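As the structure is a computational prediction, the values presented were derived from the model and not from experiment. Counting starts at 1 for both ligands and their atoms, following the listed order. As a basis for the values below, the full set of heavy atoms in this structure was taken, side chains included, without hydrogen atoms, waters or symmetry mates.
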Amino acid sequence: MDEQHLIKLLRVPAGIVDDSGTVLLTNPAWDQFETMVDHAGKEYSELNRLIRAPHIKKECQKIWRGKNESFEYYFRTIARDHCQLSITKCNENRMLFQVLPAVDSGVVAENAVDVLESMNEAFFSLDENWCFTYVNHEAEKVLFKSREELIGKNMWLLFPDAWGTNFEEHYFKTMHDQIPTRFEEYYGPIKSWFEVTAYPNRQGGLSVYFRNINKQKEMEKSLWQSANSDHLTGLPNRRYSYELMKDYIEKNHPFTIYFLDLDQFKIINDLYGHDVGDRLIHKIGMRLQKNLPEEITISRLGGDEYLILVPDLLDKAEVEDLGNRLIGMFSKAFVLQDRPEIHVEPSVGVSQFPKDGNLVDTLIDKADIAMYEAKKKQLTKAVMYDPVMHESVSRDLIIQQELKKVIERGELEFVYQPQIDSRRNWITGVEVLTRWTHPVLGPVSPAEFIPIAETSGMMEKLTRYQLDWCLSKFSDWRKHFSFDGVIAFNISSGLFRNKNFIAFLEQVIREHKIPFDQIELEITENIQLFSHKESVQTLERLRDLGIRVAIDDFGTGYSTLSYLNQFPVDKIKIDKHFTDQIMTDIKGEAILVSIIKLANSLELDVLAEGVETEEQRDFLKMNGCSDMQGYYYFKPMTLTECEQFYYEKVLKERVPE
Ligand code: C2E
Ligand code: CA
Ligand code: CA
């Protein structure tokens, strides 16, 4: 029987799909299908969309690769009926998708039991009196209790410690409001973190899916610590305090910062050696932390600089008072084992948000200027920033002004850094990076001007210009060199919520006739990004078109890893911070390896950034990360350099002389 006949005979929604995910044939029931909801509570209003969901795609790939013959995925309809997506291979490159009715929820019927039992996820259902009505095998394992101990018993009596936690709040809410919820919570008695999704069922009870996420939590913790703490003192690092200040600024929460720098620290280093210097830095950190209340954050910015952040707009007397206390902490000498006692004194400068500015860098600069004033005048008190200390307009403001003219003056240039597949020794793509040379300031690093452009609303204009320019060049490359790799653009996360920008993006790619799958967008890991519904929709829209999305600087700005399961990204780019730890920090290496494993297990592409040495390349390759970018292979190159390279290496070798 041919496929057309086959699917006409089926009364359930059914379709034939090819290996690229294209729907070839459907039956009338296909269009009448009801919105489905997956375990994560995500809704799919069209089958075509469901088929492209990353976890479904993944299973399809397994079928193509011959790992599985068929696959079933368990869903609910919006009316909370259970249903099942069944995918079967019908011939070489076709699959049959069917939506089969499963069973009524709550009371679980026999064929659904098979599904529930074969799930990797733990599952139980409760009646409206909080008594267990069904528990699958996985749930027995995870909860360390057998079905016999659970069925018919009241949950709150068996798990009293869940009372008063997120479990209670969410379960009650789900039962009461009749809407699914998803949350993470720790359950003390079995020392486990859980990710839980609860659905109301028709009988008035709950259906609960959950899994133990201890491993993920451990990894999140070590990632977080490695990214946010200072190796020498264990205090929060620069990154952490910057993020904290950014957060306060966003929330318009006033604060006061003390910039503390040690006097004559260089002499101590020269006199006693760096080892003693390092130990002193550590001791000072400990003393500050011990003597200041918890709500004050002490971080080390680097060198002999500490930042003390008070989440309050202190008045003049209070600023002085805390300043005196800080300086007082240095009156007692520091004792380092088998060394003479060391006396050091600090100079302290203060600035405040919003009084002195609304950019983190500006506030730090101003506290720094005040600190220099204190040092210059050898003052033993904290000095508050005063505009007279700084007559010239700050550099940030100049940059902000000058940025407005860069396009008209043609000061921007774009360079391209190749991304390499180290197994094939081949260029798989290029990342576009911006270069700005100002007639007076000289070259200004993107690390300096991009944040200013972002906060002053300039990013959309700059990125539009960049896309148009680079895509036009890219279109030539494709023609001249048959370049089939991707071109990757850095997209500021704010632009993701901007509908006009996204429409422009789509249009400009079409205009230059570039296949969508040759475009990659790099977005920095940022949890606000993923918690905004619009950005998630944008991400889905882009992915539907076939545009690739990569998470940039992975492992640094992170706060939870579970978004990787839920959001459709193609690739993660591991931050240089981790590459740098190869051969230097065993703990860092272990984290790096676990990131690679995580990416591989989620079937995401993974690339390591900032690869500079052969050892780093070998280590990464050996541990399953073959895609790399970094000075070891190429520095960012101008267009002419790229073309020259392609001509020399590719065309000459391909065309026999
Ligand atoms: P990024 O996206 O993480 O880009 C990688 C940065 O690391 C680039 O610096 C690159 O030149 C540098 N790099 C690459 N390989 C190595 C290496 O092996 N060793 C070392 N030490 N550095 C390496 P760059 O160009 O200064 O850019 C800094 C950041 O500025 C970028 O970080 C990106 O976040 C941002 N940026 C640059 N251009 C743009 C742009 O056009 N738009 C947006 N939104 N951001 C941009
Ligand atoms: Ca990037
Ligand atoms: Ca990066």
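The residue among K576, E448, E609, Q417 with a heavy atom at the shortest distance from atom 14 (C) of ligand 1 is Q417. Considering only non-hydrogen atoms, atom 42 (N) of ligand 1 lies nearest to N490 out of D553, N490, L495.
Contact analysis puts R435 in contact with ligand 1, with a non-hydrogen atom separation below 4.0 angstrom. At least one heavy atom of E431 sits closer than 4.0 Å to an atom of ligand 1. A heavy-atom separation below 4.0 Å is not found between K635 and ligand 1. Proximity of Q629 to ligand 1 is not established, as no heavy-atom distance is less than 4.0 Å.
Counting heavy atoms of neighbouring residues, nucleotides and ligands inside a 6.0 Å radius, atom CD of E413 does not exceed 12 of them.
Residue T434 has at least one nitrogen or oxygen atom sitting less than 3.5 Å from a nitrogen or oxygen atom of ligand 1, judged on distance alone.
For ligand 1, the atoms sitting less than 4.0 Å from at least one non-hydrogen atom of P636 are 11 (O), numbered in the order shown with element in parentheses. In the vicinity of Q466, heavy-atom distances shorter than 4.0 Å reach the ligand 1 atoms 40 (C), 41 (O). Applying the 4.0 Å criterion to heavy atoms of E612 picks out, from ligand 1, the atoms 17 (C), 18 (O), 19 (N), 20 (C), 21 (N). The distance from ligand 1 to the heavy atoms of S492 drops below 4.0 Å at these ligand atoms: 44 (N). Atoms of ligand 1 lying under 4.0 Å from at least one heavy atom of G630, given by number and element, are 15 (N), 18 (O). Near G610, meaning under 4.0 Å from one of its heavy atoms, ligand 1 places the atoms 16 (C), 17 (C), 18 (O).
No cation-pi contact links R300 to Y306, judged by a cut-off of 6.0 Å to the six-membered ring centre and 45° from its axis. A cation-pi arrangement is not found for K479 relative to W477, the charged atom failing to lie both closer than 6.0 Å to the ring centre and inside a 45° cone about the ring normal.
Here the two rings, on F496 and F501, have centers that are 6.0 Å apart or farther.
The distance from the Ca ion (ligand 2) to the nearest N/O/S atom of D553 is not under 3.0 Å. Among the atoms of N490, an N, O or S atom is found under 3.0 Å from the Ca ion (ligand 2). Because the distance cut-off is set at 3.0 Å, E431 qualifies as a neighbour of the Ca ion (ligand 2) through one of its N, O or S atoms.
Distances from the Ca ion (ligand 2) to each N, O or S atom of D552 single out OD2 as the nearest. The atom of E522 nearest to the Ca ion (ligand 2) is OE1, with the search restricted to N, O or S atoms.
Checked by atom type and distance alone, the side chain of Q616 pairs as donor or acceptor with a backbone atom of E612 at under 3.5 Å. A side-chain donor-acceptor contact under 3.5 Å links S222 to the backbone of E218.
K571 and Q419 share a donor-acceptor pair across their side chains, judged by distance under 3.5 Å alone.
When heavy-atom distances to ligand 1 are checked against a 4.0 Å cut-off, D552 comes that close only through its side chain, counted from C-beta outward.
Atom CD1 of I249 and atom CZ of F255 lie 4.5 Å apart (nearest 0.5 Å).
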Test ring pair (Phe, Tyr, Trp, His ring centres under 6.0 Å) applied to W224 and Y240, step by step: CA-CA 10 Å; W224 191 89; Y240 178 85; 5.6 Å; yes

Check step by step if salt bridge (Lys or Arg N to Asp or Glu O under 4.0 Å) holds for D261 and K375. CA-CA 9 Å; D261 180 284; K375 216 180 263 284; 2.7 Å; yes

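Residue pairs meeting the ring-ring contact (aromatic ring centres under 6.0 Å, His included) criterion with at least one member in residues 572-623, sequence neighbours excluded, do not occur.
Considering only residues two or more places apart in sequence or on other chains, V415 meets the side chain to side chain contact (heavy atoms under 4.5 Å, CB included) condition with L433, R435, P636, T638.
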